[in-house]
Amino acid sequence: MRLRAFNFKNLPPLLKPPKPQFSSSTATPRHFSTEPQNPPPPTPPLQFSEDHKHTIPQIVSLLQTTSPDEWPTNTHLHHLLLSASPHSLLKITRQLGSLQKSLQFFDYLKNDYPSDSSPTSPPAPLGISPLSFAFQAVLEHAVREEDPKSPAKLLELFNFSKEQNVPLSLNSATLLIKLFGRAKMCDESVTVFSELRPDLRNIHVVNLLLDSLLKSGRIDDALKMVDKMLKSQLNVQPNDTTMDTVLSAFFTRNWSGRNVREEEIIGIVSGFGEHGIFPDSVWLTQLVSKFCRSGKCDKAWEVLHMVMRLGGELNAAPYNALLTGLGKENDFRRMNLLMIEMKEKDISPDVKTFGILINHLCKCHRVDEALETFKKMRGGNEGDEVCVVPDVVVCNTIIHGLCKVGRQEEGLKFMGNMKLEHGCMPNTVTYNSIIDGFCKAGEIERAFELFERMKKDGVEPNVITLNTLVDGMCKCERVGSALEFFDKMEEKGLKGNSTTYSILITAFCRSNNIDKAMALFDQMSQSGCPSDAIVYYSLISGLTRAGRLDDASSFVSKLKKAGFCLDIITYNVLIGGYCRKNKFEQAYEIFKDMEHAGVKPDRVTYNTLVSYFCEKGDFETAHRLLKKMMQYRFLPNVVTYGALIHAYCKAGHLDEAMKIFKEMNSSLKVSANNVIYNTLIDALCKSDKVDVALSLMDDMKEKGVRANTTTYNAMLKGLRERNWLEKAFKLMDEMTEKACNPDYVTMEILLEWLSAVGQTEKLRRFVQGYEVSASVP
DNA sequence: GGGGTGAACA
């Protein structure tokens, strides 16, 4: 009867507490027995003596071959069980094969040997009830038959054990917490833990509870527990797994609770360190790079040095991660410090360490130092302490660095020596770098030669090769050939990606073929090529610059529908576009949208708005914006002042323009560029202040600002008004000397003026590139 | 049990 309650086929309910009839004092016959009239002889209390191995199979076979109803009256079984230890009981129950059978056996033990586990008797102060072991095996069977996502049977069994006052064995508790944890049943895990006798708790079960708490987002509870452990208030010593558990929580984004903060992690790692537990190299590297990636190199530095201070063993990997982070922040000082430290601590830099350093030097255009470092790495010079074998990545870094500064021929030579001198084969990245080098230098033919060579050498071109060549052709204004090449490659099976489309869309917009650019966007969508935000930015910018703001706006909507956001650059492009169209309302709409999206306006945004109000002659608003801009710590730059100066000149307030010019040079420490000089020189000449304009030209030379054709045109126009021939000849000589080519404006000014005064010979020499004042009149 | 650090295209 009782056993029916355990029949899991009758779900639900799964388990009902057996009626309190299992007490030994119950007179009711509890089993259908074949010999009810012959009650079994009184059995001595079970003495779980030393294990007899051979008795286990005997007991198991007896249990398997007889009906559970017969067990209570089976004296043979009883006697066999007398010699079984608690651990044998566990083994026996395990071997019963099913949850149902094991439960029947548990039930038999529970009811027929109450002396050991009566519900009223307290648990043994030492050791644990033999029943707990049998129950553990029951749980193990349940686990096997359970759906791990919703362990309903386990929960029911756990409640059953509480009702039956069968204390949990350590392993039972472990099992339950593990499964409840996996099923995100954190409350149940906590209850199991609290049911487990405190003296039985070990670090393993604590770790599982910790994991359960963290996985269900109860970060504060988990951290409190860790804190107690670290302060030795929990009677268990933390181990490596404890720290691993906490660290993994730091790395997985937790949606149900809050995330673990950097400061907390540092505190915890330090606490563990004081217990002699350190994150291994992989963890530490991960920590360091996560800190660095979220812009907290200081924290990364702190955690690495803390581990080192407390005696953790370190290798190059976490140092490499920190070097990368510092490199991104351009913190050369601390990079050097770190290298010195590695040497002091006898931590050998590896090929990646050198890769990071070389890459950083290349990014700063310090290619010769990069080559020097590469030599040093190889231990080429006497006295070099290290000898690291280069790999293809570090070779590629060098080659890329050379190509980026226009030394692609050297890069090519380096690639030629890679195999013989450095023992590594060029790969796709190697070729891509050099192809890009030739493309950027405008040497498309050389780039294609290399493209052919790579195929011949069995190096597979990839989508970046394709994009590099397409971009190269676009930059040489061969947009049509670029598109043809793209089509041809797609036919051959080399598919383009969103970058290919971004390149082409930008190029077609720039060559004023907006419709083709839009068609390409459609082609991309239809070909099933996944788009990214940048391809939208390319088209939106192109449309805006072409003045097609309605189209741009419709692509902004499409971008948002696709789940992307505008970036600050595209926001600025749009604001500028509306301002140029004199549609301030719409520009302001974009500005508000930007604020709403949480994108902060930058100096370019303010400059755009300042320029707009300047252009309109609304100096009051322009200055108000200028003030606001400075409040937000965006210092006005040469563009800002340029807009103001230009606007004041245009409005005829030349003195105001000069005032700003003088201010920016002296007190504001912003040096004027040639645009500003040109504006002022032009305005001064037009107001008949040719002397002042000439002195500004001298000022330019002094400050090292290069005069261009516009500068000379403006000045020559002024000189023509005054008919200052000698000065004009001097300027013409300067133009020749500085290889500053005259344009049609120059020619217009000079042709009219010099013909009128009979100096056409000077003009002829000037056009031919000779100095004019040295010529014979 | 799985987890980290350096290279190419807009």
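This structure is a prediction, so every number in the text was calculated from the model and none was measured. Heavy atoms only: backbone and side chains are in, while hydrogens, waters and symmetry mates are out.
A donor and an acceptor atom never sit less than 3.5 Å apart when one is taken from the side chain of T353(A) and the other from the base of dG6(B). Taking 3.5 Å as the limit, the base of dG4(B) and the side chain of N320(A) contain no donor-acceptor pair of atoms between them. Counting distance only, with no hydrogens placed and no angle test, the side-chain atoms of N432(A) and the base atoms of dA7(B) include no donor-acceptor pair under 3.5 Å.
In this structure, M415(A) atom CE and dA8(B) atom P are separated by 17 Å, rounded to whole Å. Between L338(A) atom CG and dT5(B) atom P the separation is 17 Å, expressed in whole Å. Distance, F485(A) CZ to dC9(B) C1': 12 Å, rounded to whole Å. Rounded to a whole Å, the CG atom of D240(A) is 15 Å from the C1' atom of dG2(B). Remark: C1' of dA10(B) and CG of L520(A) are 14 Å apart, rounded to the nearest angstrom. For M342(A) and dG6(B), the CE to C1' distance is 13 Å, given to the nearest whole Å. Taking atom CG on L208(A) and atom P on dG1(B), their separation rounds to 13 Å, with Å as the unit. The CG atom of N359(A) sits 6 Å away from the P atom of dA8(B) (whole-angstrom rounding).
Residue-level contact check: K475(A) touches neither bases nor backbone, having no heavy atom under 4.0 Å from any strand. Looking at heavy-atom distances under 4.0 Å, D350(A) makes no contact with the nucleic acid at all. No contact: N497(A) has no heavy atom under 4.0 Å from any strand. Using a 4.0 Å heavy-atom distance criterion, V351(A) is classed as a base contact. Residue contacts for T506(A): at a heavy-atom cut-off of 4.0 Å it reaches no nucleic acid atom on any strand shown.
Of the side-chain N and O atoms in R293(A), none sit less than 4.0 angstrom from OP1 or OP2 of dG4(B). Checking the phosphate oxygens (OP1, OP2) of dT5(B), no side-chain nitrogen or oxygen of K328(A) falls inside 4.0 Å. Close to dA8(B), at under 4.0 Å from its OP1 or OP2, lies a side-chain N or O of H400(A).
The listed nucleotides are dA10(B), dC9(B), dT5(B); the one nearest the side chain of N467(A) is dC9(B). Side-chain proximity of D471(A) to the nucleotides dA7(B), dG4(B), dC9(B) is greatest for dC9(B). Nearest nucleotide to the K440(A) side chain, out of dC9(B), dA8(B), dG6(B): dC9(B). Between dA8(B), dG4(B), dC9(B), one nucleotide has an atom nearer to the side chain of A317(A) than all others, and that is dG4(B). For S281(A), whose side chain is taken as the heavy atoms from C-beta onward, the closest listed nucleotide among dA8(B), dG4(B), dC9(B) is dG4(B). The listed nucleotides are dC9(B), dG6(B), dG2(B); the one nearest the side chain of V393(A) is dG6(B). Side chain of V429(A), nearest nucleotide from dA7(B), dG4(B), dT5(B): dA7(B). Set against dA8(B), dA10(B), dG6(B), the side chain of I503(A) has dA10(B) as its closest nucleotide. Of all nucleotides listed (dG6(B), dC9(B), dA10(B)), dG6(B) comes nearest to the side chain of V394(A). Out of dG1(B), dT5(B), dC9(B), the shortest distance to the side chain of D244(A) is found at dG1(B).
The aromatic rings of F448(A) and F451(A) sit perpendicular to each other, their planes meeting at more than 60°, with 30° as the lower class boundary.
A cation-pi geometry, defined here as NZ or CZ lying under 6.0 Å from the six-membered ring centre and within 45° of its normal, holds between K558(A) and F555(A).
Checking S281(A) against N315(A) by side-chain atom types alone, a donor-acceptor pair falls below 3.5 Å. Side-chain N/O atoms of N467(A) and N497(A) include a donor and acceptor closer than 3.5 Å.
Partners of T605(A) by side-chain contact (heavy atoms from CB on, under 4.5 Å), not counting sequence neighbours, listed by chain and number: I568(A), N572(A), I575(A), F591(A), M594(A), P601(A), D602(A).
Contact annotation: the side chain of T353(A) approaches that of M339(A) to within less than 4.5 Å [non-hydrogen atoms, C-beta and beyond].
For R603(A), the CZ atom sits in a packed shell: over 12 heavy atoms of surrounding residues, nucleotides or ligands are nearer than 6.0 Å.
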